[in-house]
Protein chains: 2
Amino acid sequence: MIFSSELIKGTLKTIVLKQLEANGRMYGYEITQRVKELTFDKIQITEGALYPTLHALEADGLVVTETEYIGKRIRKYYSLSPKGKTKIEEKLSEMAEFMETMKFLLDLKPI
Amino acid sequence: MIFSSELIKGTLKTIVLKQLEANGRMYGYEITQRVKELTFDKIQITEGALYPTLHALEADGLVVTETEYIGKRIRKYYSLSPKGKTKIEEKLSEMAEFMETMKFLLDLKPI
DNA sequence: GCAAATGCATAATATTCTTATGTATATTGC
DNA sequence: GCAATATACATAAGAATATTATGCATTTGC
């Protein structure tokens, strides 16, 4: 099952920031592959969604970038800024509480 | 804490359908109040979000409506159609699996 | 050598929400 | 009695964020 896109809406920034927190330094394509792998293909981040999101995170000062060349091919690494490190903590605890709330509201049984 | 709106994105239809499943027959304003109450004000559905959603659910054949007058004031009741009953089951199991996936992906500890 | 994978990016479009606005009736507090 | 609040519907402009499509270029695997 691939999750319907509307479910993933609003969680993309959190997912990206979390990956950067967990792995230190990542480039865009790597993030999509890691998430795909970790979720057994259930969450596939499209490039059209990812890159604008990364640019927005950078504009907000939550991530910083370094560009490297691998041969002739460019690779843009992203990592959390101090502001980003604070932000991901906030996002995670908000998400945890949101999920508890939804579990109650939707009367979800543990699966 | 009121959840940031982006978190709630994509979950509104599920919330509405679930309330109708749980309570049989409800009108719009009632849904907003019930959800506000059940979540201790953490989720507040705005009218600008709710009514278009209800209309969309009706257009998709997931809910049916009956209009009543309470005094001179109109009240539009919504209830699940058979199609809606199937749909909410699907939505709930998808949501449950999504939440498990997110819990793992974001490495969330039980709170 | 050619297809698939890697790697970046943007643009048009769709969806779905916020915020603002509109209309009207009913109830509550003073 | 009357003003403020609550009830109850609805739509519209705008913002945010995703999808889908497209573009370009390099590298790897067979």
Side-chain angles (χ1 to χ4, degrees), chain A residues 2-17 19 25-37 41-60 62-63 65-78 91 95 98 102, chain B residues 2-17 19 25-37 41-60 62-63 65-78 91 95 98 102:
Chain A
I2 296 175
F3 294 123
S4 71
S5 59
E6 56 175 26
L7 262 187
I8 301 173
K9 269 183 213 294
T11 62
L12 185 53
K13 276 184 190 169
T14 305
I15 292 172
V16 168
L17 291 174
Q19 284 307 303
R25 203 176 80 124
M26 298 178 88
Y27 53 98
Y29 186 75
E30 187 185 9
I31 296 173
T32 66
Q33 296 309 301
R34 178 64 61 96
V35 170
K36 183 169 143 73
E37 198 182 301
D41 294 9
K42 281 179 283 195
I43 296 181
Q44 302 195 16
I45 302 176
T46 60
E47 294 170 296
L50 178 68
Y51 291 112
T53 294
L54 284 172
H55 300 160
L57 291 174
E58 191 180 8
D60 287 347
L62 301 175
V63 300
T65 63
E66 307 162 77
T67 300
E68 281 185 21
Y69 279 88
I70 307 296
K72 283 184 184 172
R73 191 150 64 191
I74 205 169
R75 191 178 276 180
K76 200 164 160 189
Y77 279 98
Y78 291 82
K91 287 248 178 207
M95 179 65 83
F98 178 67
M102 286 300 285
Chain B
I2 297 176
F3 295 122
S4 71
S5 59
E6 54 175 27
L7 262 187
I8 301 173
K9 269 185 211 294
T11 62
L12 184 53
K13 276 185 189 170
T14 305
I15 291 172
V16 169
L17 291 174
Q19 285 306 304
R25 203 177 77 126
M26 299 178 86
Y27 53 98
Y29 186 75
E30 188 184 8
I31 295 174
T32 66
Q33 297 308 302
R34 179 65 61 96
V35 170
K36 182 169 142 73
E37 197 182 300
D41 295 9
K42 281 179 283 196
I43 295 181
Q44 301 197 16
I45 301 176
T46 61
E47 295 169 296
L50 178 68
Y51 291 112
T53 294
L54 285 172
H55 299 161
L57 291 174
E58 191 179 8
D60 286 347
L62 301 175
V63 300
T65 64
E66 307 162 76
T67 300
E68 279 185 20
Y69 279 88
I70 307 296
K72 284 184 181 172
R73 191 152 64 192
I74 205 169
R75 192 178 275 180
K76 200 164 161 189
Y77 280 98
Y78 291 83
K91 287 249 180 207
M95 179 65 84
F98 178 68
M102 287 300 285

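In what follows, every heavy atom counts, from backbone to side chain, and hydrogens, waters and symmetry copies are set aside. Letters go in sequence order (proteins before strands), and every chain restarts at 1.
- Atom CE of Met26(A) is separated from atom P of dT6(C) by 14 Å (rounded to the nearest Å).
- Here the closest heavy-atom approach between residue Val63(B) and residue Leu54(B) is recorded as CG2-O, 4.2 Å.
- With rounding to whole Å, Gln44(B) atom CD is found 12 Å from dA6(D) atom P.
- Contact of the Thr65(A) side chain with the Tyr77(A) side chain is not registered, since no non-hydrogen atoms from C-beta on lie closer than 4.5 Å.
- Taking a cutoff of 4.0 Å between a charged side-chain nitrogen and a carboxylate oxygen, Glu66(B) and Arg75(B) do not qualify as a salt bridge.
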- Contact string for nucleotides 7-13 of chain D, one letter per nucleotide 5' to 3', B = base within protein heavy-atom range under 4.0 Å, S = sugar-phosphate only, - = neither, reads BSBBB--
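- At whole-Å resolution of the value, CD in Glu58(A) and P in dC8(C) are 13 Å apart.
- The phosphate of dC17(C) (OP1 or OP2) has a side-chain N or O of Thr53(B) nearer than 4.0 angstrom.
- Here the shortest heavy-atom pairing between Met26(B) and Gln19(B) reads SD-O, 3.5 Å.
- Minimum heavy-atom separation, Arg25(B) to Glu30(B): O-OE1, 4.1 Å.
- Look at OH on Tyr69(B): it is 11 Å from C1' on dA24(C), rounded to the nearest Å.
- Distance Lys72(B) NZ to dT27(C) C1': 15 Å, rounded to the nearest Å.
- For Tyr27(B) against Lys76(B), the heavy-atom pair with the smallest separation is CB-O, 3.2 Å.
- One atom, CD1 of Ile45(A), and another, P of dT6(C), lie 15 Å apart when rounded to the nearest Å.
- Contacts of Thr46(A) classified as side-chain contact (heavy atoms from CB on, under 4.5 Å), with partners at least two apart in sequence or in another chain: Ala49(A).
- Each end of the helix from dG1(C)-dC30(D) to dC30(C)-dG1(D) gets its own axis, taken as the rotation carrying the C1' atoms of four end pairs onto the next four within a five-pair window, and the two axes meet at 30° to the nearest 10 degrees.
- Computed from coordinates, the Leu57(A) CG to dA16(D) P distance equals 14 Å when rounded to whole Å.
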- Item | side-chain contact (heavy atoms from CB on, under 4.5 Å) evaluation trace for Thr14(A) with Met102(B) | CA-CA 10 Å; Thr14(A) 305; Met102(B) 287 300 285; 5.6 Å; no
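- Looking only at side-chain heavy atoms (C-beta outward), Tyr78(B) and Val16(B) stay at 4.5 Å or farther from each other.
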